[in-house]
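Just below is one structure, and these are the notes that go with it.
Reckoned from all heavy atoms, side chains included, excluding hydrogens, waters and symmetry mates.
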Amino acid sequence: MAGCAAALLAAPGPASGSAYDCQGDNSATGFPTPRPTDRRLTFGIFPGGTAGAVVGPQRQGKPEDPAKILAALAQLRGGRPFVAHLYLSFTGRPDQAARVAEAKRQLAMYAGAGLDVEFVLTYRPQDRRGEADVVDYVAFVRRMVAELGPMRGLKSLQVTNEVTNTASPDASDGAYPGAREALVRGIVAAKAEARARGLQRLQIGFNWFYRLDPQTEQEFWTFLRDRGGPAFVGSLDWVGLDAYPGTYFPPPPVPRGSSLLNAMSLLRECLMPIANIPKSIPIHITENGWPTGAGRTPDEQAVALREMVQAAHDHRGTYNVTDYRWFSLRDGDSADPDFQQGYGIMFDDYRPKPAFGPYRDLIARLGPPPVAPGTMTPGRGGRRPLRPRLRIAVRPRSTVTGRLTRLRFLVTRPAPTRARPGRR
């Protein structure tokens with residue numbers, strides 16, 4: 001496991017003899033002036049606690065409390081559009097049906113509380129059969145589009161998770177044979193299924209882990225170009241960025257805001273062009289965090305959060321960034337000395353850490369305005385605003401030809417109502 005940590009924390013530089021030397025904007029070369037935009041960031045969070053272990057063995061966290069989760073999310077969002085970032089693993093084992101049932105329960109719970117939901121469909125086949133698992137995973141992705149897509153509140157599906165990281169089977173998909181192939185074929189299948197079912201609002205994307213050595217990055221994005229081609233690019237709605245400055249890469253001490261800017265620049269200007277992904281495809285920051293633990297104080301976490309969220313906001317127009325998700329809501333186990341149990345902006349008993357208030361305030365200042373109650377109704381694969389309607393009553397209801405009749409019109413505006421499935 002020490003070798004795993006070294007591989008993830010070492011600062012990569014251009015590989016000897018490699019044609020890949022694009023490193024993106026950084027503090028040494030200078031960052032561009034922020035490009036103005038009126039588009040606001042859509043915020044969200046992973047509402048759980050236990051994180052996949054990037055280094056070392058997987059640990060168990062404390063049980064979750066759905067009521068406290070919903071109460072905390074209500075405080076964070078303040079009535080604004082907000083996204084619950086969730087995970088659903090493909091395992092290829094008999095437990096798959098129970099995992100899907102739990103995902104449906106979570107989707108109903110969060111949508112019922114007025115939140116949008118996105119699922120990461122991770123590729124974790126426990127038998128590691130290669131091509132056979134890829135085939136089964138693609139079928140699983142299609143099935144999830146069919147079963148979850150029409151449900152109220154589903155905003156997006158992410159196909160696979162951090163495929164470039166091959167050293168962390170508890171946190172990333174790259175350790176499983178066929179992961180790159182599953183990513184490409186899964187994206188194309190997901191979009192094809194969504195189009196066939198009329199789920200125009202359901203967005204499909206994948207993510208990238210910031211970052212590994214340049215040679216690995218070059219090979220990965222070249223694979224997407226050669227294996228995916230136009231069908232892959234034409235199926236993408238967004239590309240995700242997972243970045244943990246000061247935790248994994250770059251290791252501490254590090255200016256977290258400028259490191260996140262480098263991650264956005266590297267992805268937009270160096271890597272996505274290799275796969276012919278155009279600038280019109282937005283970037284979602286799908287995971288960004290800074291855990292507390294030994295030598296990592298809650299007060300410093302609050303500082304790190306402010307730095308990184310502000311950096312994402314200030315340069316959202318420069319790099320076409322539309323969404324931001326913090327990882328995560330609460331700790332897995334606040335008493336565990338392993339920092340990987342301390343990502344939350346709340347302790348494991350849902351007491352706020354110093355970072356909770358700043359995230360709430362940043363969402364209020366930088367996010368979209370609150371949505372008035374009763375002005376939204378569920379749509380297929382998303383939410384759409386109700387159109388105002390007027391009710392007109394006319395008296396009398398009939399007249400006699402040739403006779404002058406005085407008509408009275410009563411115009412009322414009914415209270416907004418929610419659409420019911422199967423009714424017009």
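- With sequence neighbours excluded, the residues that form a ring-ring contact (aromatic ring centres under 6.0 Å, His included) with F232 are F206.
- Between D65 atom CG and Y350 atom OH the span is 5.5 Å, to the nearest 0.5 Å.
- At least one donor-acceptor pair closer than 3.5 Å links the side chain of D237 to the backbone N or O of I204.
- Results of the side chain to side chain donor-acceptor pair (under 3.5 Å) test with N207 over Q158, E162, H284 single out Q158 as the only residue that passes.
- When side chains are defined from C-beta on, F339 does not count as touching T292, because their heavy atoms never get closer than 4.5 Å.
- Side-chain atoms of K279 never come within 3.5 Å of backbone atoms of N320 as a donor-acceptor pair (strictly under, hydrogens ignored).
- Taking each heavy atom of I281 and W238 in turn, the nearest pair found is CG2-CA, 3.7 Å.
- Using a 3.5 Å distance cut-off with no hydrogens or angles, the side chains of N262 and Y210 do pair a donor with an acceptor.
- Put simply, the side chain of R180 never gets that close to the backbone of T164: no donor and acceptor are under 3.5 Å apart.
- Shortest non-hydrogen contact noted between G153 and L107 is C-CD1, 4.2 Å.
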Run the numbers on E287 and Y244 for side chain to side chain donor-acceptor pair (under 3.5 Å), then give the verdict. CA-CA 8 Å; E287 290 184 22; Y244 293 86; 2.5 Å; yes

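- The CG atom of D25 sits 8.0 Å away from atom SG of C270, with the distance rounded to the nearest 0.5 Å.
- For E193, the salt bridge (charged side-chain N to carboxylate O under 4.0 Å, His left out) partners at least two apart in sequence or on another chain are R142, R197.
- N165 and Y248 are not linked by any side-chain donor-acceptor pair at a separation below 3.5 angstrom, with hydrogens and angles left out of the test.
- Q203 CD to L236 CG: the interatomic distance, rounded to the nearest 0.5 Å, is 11.5 Å.
- Taking CG of D314 as the reference point, atom OG1 of T33 lies at 12.0 Å (rounded to 0.5 Å).
- We find that R99 and E102 are not joined by a salt bridge, their nearest charged nitrogen and carboxylate oxygen being 4.0 Å or further apart.
- One finds the CD atom of Q126 at 8.5 Å from the OG atom of S89 (value rounded to the nearest 0.5 Å).
- Residue T122 holds its OG1 atom at 7.0 Å from CG of N161, rounded to the nearest 0.5 Å.
- One N or O on the side chain of T222 and one on the backbone of Q218 form a donor-acceptor pair closer than 3.5 Å.
- No donor-acceptor pair under 3.5 Å is formed between the side chain of R325 and the backbone N or O of T286.
- Not counting sequence neighbours, the partners of E300 by the salt bridge (charged side-chain N to carboxylate O under 4.0 Å, His left out) test are R256.
- Residue R39 places its CZ atom among more than 12 non-hydrogen atoms of other residues, nucleotides or ligands, all under 6.0 Å distant.
- Note on ring orientation: taking the six-membered ring where Trp is involved, the planes of F140 and F90 are tilted (angle from 30° to 60°).
- At least one donor-acceptor pair closer than 3.5 Å links the side chain of D348 to the backbone N or O of S334.
- Summarising the geometry of A182 relative to T160, their closest heavy-atom pair is C-CG2, 4.2 Å, with the distance given to 0.1 Å.
- With hydrogens and angles disregarded, no donor-acceptor distance shorter than 3.5 Å links the side chain of R227 to the backbone of E181.
- V321 has its side chain out of reach of H315: every pair of non-hydrogen atoms, C-beta onward, lies at least 4.5 Å apart.
- Salt-bridge check for D349 with R351: passed, with a basic side-chain N closer than 4.0 Å to an acidic carboxylate O.
- Ion pair K155/D116 not flagged as a salt bridge, since none of the NZ, NE, NH1 or NH2 atoms sits closer than 4.0 Å to an Asp/Glu carboxylate oxygen.
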Verdict with reasoning, F249 to F209, per ring pair (Phe, Tyr, Trp, His ring centres under 6.0 Å): CA-CA 10 Å; F249 178 82; F209 178 79; 9.2 Å; no

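- Side chains of T318 and R268: a donor-acceptor N/O pair is absent below 3.5 angstrom, by distance only.
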